Structures are given as C-alpha cells and as structure tokens.
Amino acid sequence: MNHFSTNRLIAERLHEDHLADLITLHLDAEVSRYLGGVRAPEVTKTYLATNMAHWDQHGFGLWTLRTKDGGFAGRAGIRHIMVDDIDEIEIAYAFTRACWGQGFASEIAIALTEIGLARFALPSLIGIVYAGNAASRRVLEKSSYLLERSTIRHGEDVVIYRIRR
C-alpha cells in the first residue's frame, strides 16, 4: 500500500526523495517538542533509512503527507515499536505547524486505524503520547482509542492509548 488518500491528504510511502521535507519538519522545535526533540539532519537521514527498512520488513510503515494542493503536511504511519520490552504496533503522526488546528491529525489517525485494523488485520494499535500533549490525546480519544496506562519512555512521562479489532 504505497499510496492512499483521505478527504484532504495524500499519503505516499516514505522514500529518499522525502529527506529534505523530513529534515525541515524535524528541525522545527515546536513540532519536535513531543517527538523527543529537534533532530539533526544526520539523525533524520538515519531515521529515514530505518523507516524505509521497516517497510521492507513488515509491509507497512510511514508515509509522507501532502495536502491536496501538493504542499508538504507531515508524516504519519503504522510501525512496530518496543514499549516496556513488548513489541507493539503504533500509529504515529507529525504535522508542520501550518497544518495544526485544522483537524488533519484526527483525519489521519482515523485512516491509519482503519488501515491497520481492517486492511492489515492487526489485532490492536496503540498511540503513545507525552502526558502533557493534550491535543494529541484528544485526537486518539476522538478516534476511539482508550487510555490504557502510563509509563516512562526515554525519560518522559507518556500515556498509552489502545484500540482493538
């Protein structure tokens, strides 16, 4: 599933041509505040390679997102992640500041959930959110995810939401 679209977004499987957009996204301190902090271009290059390999290994992963007019909007996807020594599958999304407050996160969270549970028949999906990120918590709650627990991840308080098939 290299491409899909929602009402307002076009998703394309992550590839090398997306590096410049990802670097710009990851260098924005406000965007990266809840992503573990600003990432240097070299770190984003490694991130890109890791996430492209995830596609090869699992058949799903991250997509870059563009608005219908072609503007870069962010990235989102479904990926394996270790949480407290358990292999989980999360939905993840990050948008440029220009896209904040327009409902894009909810739109993509609903699409990713449908893709993960229906198309890939995954038993469940999680969303990991910094405890203080009220906006992202609301996105998951509106997408029918239930708060499961709190934990510490990379030294930060996070909450884990889950939805089951």
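On a predicted model such as this, the values are computed, not experimentally measured, just so you know.
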*Excluding sequence neighbours, so at least two apart, what forms ring pair (Phe, Tyr, Trp, His ring centres under 6.0 Å) with Phe104?*
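So Phe104 forms no ring pair (Phe, Tyr, Trp, His ring centres under 6.0 Å) with any residue.
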
*asked:* The criterion is ring pair (Phe, Tyr, Trp, His ring centres under 6.0 Å); which residues satisfy it with His15, sequence neighbours excluded?
replied: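 His15 satisfies ring pair (Phe, Tyr, Trp, His ring centres under 6.0 Å) with His18 once adjacent residues are dropped.
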
*Backbone N/O of Leu35 and side chain of Ser32: donor-acceptor pair under 3.5 Å*: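 Not at all, since once roles are kept as given, no pair shorter than 3.5 Å links the two residues.
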
*Counting distance only, does the side-chain N/O of Thr67 pair as donor-acceptor with the main-chain N or O of Gly71 below 3.5 Å?*
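Present.
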
Taking the side chain as every heavy atom from C-beta outward, state whether [X] and [Y] have any atom pair closer than 4.5 Å.
| X | Y | value |
| --- | --- | --- |
| Phe95 | Gln102 | no |
| Leu22 | Leu14 | yes |
| Thr44 | Leu19 | yes |
| Asp87 | Met82 | yes |
| Thr64 | Asp21 | no |
| Ile81 | Ile89 | no |

*Would you call the rings of His26 and Tyr47 parallel, tilted or perpendicular, where under 30° means parallel and over 60° means perpendicular?*
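Because their plane-to-plane angle is over 60°, the rings of His26 and Tyr47 count as perpendicular.
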
*Using the test side-chain contact (heavy atoms from CB on, under 4.5 Å), find all partners of Ala11 that sit at least two apart in sequence or belong to another chain.*
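By the side-chain contact (heavy atoms from CB on, under 4.5 Å) rule, Ala11 matches Phe4, Trp63, Leu65.
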
*Kindly state each residue pair satisfying ring pair (Phe, Tyr, Trp, His ring centres under 6.0 Å) with at least one member in residues 131-165, sequence neighbours excluded.*
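Of all non-adjacent pairs touching residues 131-165, none passes ring pair (Phe, Tyr, Trp, His ring centres under 6.0 Å).
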
Taking atom [atom1] of [X] and atom [atom2] of [Y], what is their separation to the nearest 0.5 Å?
| X | Y | atom1 | atom2 | answer |
| --- | --- | --- | --- | --- |
| Asp56 | Asn51 | CG | CG | 11.5 Å |
| Arg13 | Phe60 | CZ | CZ | 12.0 Å |
| Glu90 | Ile160 | CD | CD1 | 9.5 Å |
| Leu122 | Ile78 | CG | CD1 | 6.5 Å |

*asked:* Can you confirm whether Arg119 is buried at CZ, in the sense that more than 12 heavy atoms of other residues, nucleotides or ligands lie under 6.0 Å from that atom?
replied: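 For Arg119, atom CZ is not crowded (no more than 12 foreign heavy atoms under 6.0 Å).
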
_Listed once per pair and sorted, the side-chain hydrogen bond (donor to acceptor under 3.5 Å, both in side chains) pairs that draw on residues 120-135, sequence neighbours left out_ =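 Passing the test, one end in residues 120-135: Ser124-Arg162.
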
*Give every residue pair that meets the salt bridge (charged side-chain N to carboxylate O under 4.0 Å, His left out) criterion with at least one member in residues 31-47, sequence neighbours excluded.*
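Passing the test, one end in residues 31-47: Glu30-Arg33.
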
